[in-house]
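Presented below is the structure to which this report refers.
Per chain, numbering begins at 1; letters A, B, ... match sequence-line order. Everything numeric here is computed off the predicted structure, so don't read it as measured data.
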Amino acid sequence: MAALEPPGSEQELYTRAQGLAGATLGELAAQLGQRAPADLRRAKGFTGHLVEQLLGAAASSRAEPDFPALGVELKTLPVGPSGRPVESTFVCTIDLSAMDRFSYEDCWLRRKLARVLWIPVEGSREIPVPARRLGAPLLWSPSSEEEAVLRADWEELAGLIARGGAELLHGRLGRALQVRPKAAGSWSRRRALDGDGVSYLALPRGFYLRASFTAQLVCRSYALPTR
DNA sequence: GATTGATCATAC
DNA sequence: GTATGATCAATC
């Protein structure tokens, strides 16, 4: 199958995504001449890469939205039997040496979350990967309430990093956002600045959206009760 | 059962 | 090694 052209509009992108709803990962992989893996332990990015190809996203190797012309970021969202997300969602890596140089207004996280196409995917481990189905797509931008929570979390976490250094971070901080390791292993290191501006090597970290936050945005957007 | 810290594949 | 795409699995 030839590489799909990027969609020309948000509407076209959404229509394409609607066309995938209900299909299984096995069926969709076969359309591309690929096979779905038996499990995701050694293929954690499988679903994301598959959906990128099916929707005509640019190759995933650059620091910009998946659909640069549209300013839309694509995210698959693993959900349980009730449609509730079962995992947190990775947003972006954190530059531990430059948090003092950005405000929320121009940070990478805000730009990435300004417009997101969520693709729910059955994520229960009991369902074999090839049998997992895609759900109805959701084109989302943060509500004013959601944006306020994201801003408050970002400012708290970024401020902590800028003032005290990465070693103060842990996954319990933040209501919607959290900071967790984002690395090949616990031995990974990146340059960071401590509270006194002294350079040192720290475990790479990234911003993640808590499952509780994505659960609420899904309920709001599909007009479902919060529980 | 939910959550946090650790980890995997691939492209460049 | 750094970026992309995320889920695994030990622990609370």
Short side-chain N/O contact to C:dT2 OP1/OP2 from A:T93, under 4.0 Å: no
C:dT7 OP1/OP2 closer than 4.0 Å to side-chain N/O of A:T47: no
Residue pair A:Q11 / A:T15, side-chain donor-acceptor N/O under 3.5 Å: yes
Spacing between A:E52 atom CD and B:dA9 atom P, to the nearest angstrom: 18 Å
5'-most by nearest nucleotide on DNA chain B - A:V86 or A:L203: A:V86
Side-chain H-bond candidate by donor/acceptor type, A:R191 with A:S97, under 3.5 Å: no
Integer-rounded Å distance: B:dG5 C1' and A:H170 NE2: 12 Å
For atom CG of A:L96 and atom C1' of C:dG1, their distance in whole Å: 15 Å
Any donor-acceptor N/O pair under 3.5 Å between C:dG5 base and A:K75 side chain: no
N/O (side chain, A:R42) to phosphate O (OP1/OP2, B:dT10) under 4.0 Å: no
Any side-chain donor near an acceptor of the partner, A:R180 and A:S88, under 3.5 Å: yes
Options B:dT7, C:dG5, C:dA3, nucleotide nearest the side-chain atoms of A:E73: C:dG5
Short side-chain N/O contact from A:Q178 to OP1 or OP2 of B:dT3, under 4.0 Å: no
Nearest listed nucleotide, side chain of A:K112, among B:dT4, C:dT4, B:dA6: C:dT4
Presence of A:K44 side-chain N/O under 4.0 Å of C:dC8 phosphate oxygens OP1/OP2: no
Residue A:P78, side-chain atoms from C-beta onward, closest of B:dT4, C:dA6, C:dT7: C:dT7
Closest to the A:R210 side chain, choosing from B:dT3, C:dT4, C:dA6: B:dT3
Nucleotide B:dC8, atom C1' - distance to CG of A:L40 in whole Å: 11 Å
A:R189 CZ to B:dA6 P, straight-line distance once rounded to whole Å: 9 Å
Whole-Å distance separating the CG atom of A:L74 from the P atom of C:dA6: 7 Å
Presence of salt bridge, A:E147 and A:R110, under 4.0 angstrom: yes
Out of C:dT2, B:dT7, B:dT4, whichever nucleotide has its closest atom nearest the side chain of A:R190: C:dT2
First encountered from the 5' end of DNA chain C, between A:E87 and A:E64: A:E64
Parallel, tilted or perpendicular, as decided by the 30° and 60° cut-offs, for the rings of A:F213 and A:W140: perpendicular
Distance in angstrom units between A:L209 CG and C:dA6 P, rounded: 12 Å
Residue-phosphate contact under 4.0 Å: A:R41 side-chain N/O, B:dC8 OP1/OP2: no
Sugar-phosphate, base or nothing in reach of A:A183, heavy atoms under 4.0 Å: base
Touch class at under 4.0 angstrom, heavy-atom based, for A:G45 against every strand present: base
Geometric cation-pi criterion, A:R151 with A:Y104: 6.0 Å, 45°: no
Nucleotide nearest A:W108 (side chain, heavy atoms from C-beta), chosen from C:dA3, C:dG5, C:dA9: C:dA3
Nucleotide nearest A:W187 when distance is taken to its side chain, options C:dG5, C:dA9, C:dG1: C:dG1
OP1 or OP2 of B:dG5 under 4.0 Å from side-chain N/O of A:R205: no
Between C:dT2 (P) and A:K182 (NZ): distance, integer Å: 13 Å
Sugar-phosphate, base or nothing in reach of A:T89, heavy atoms under 4.0 Å: nothing
Greater than 12 external heavy atoms within 6.0 Å of A:R133's CZ: no
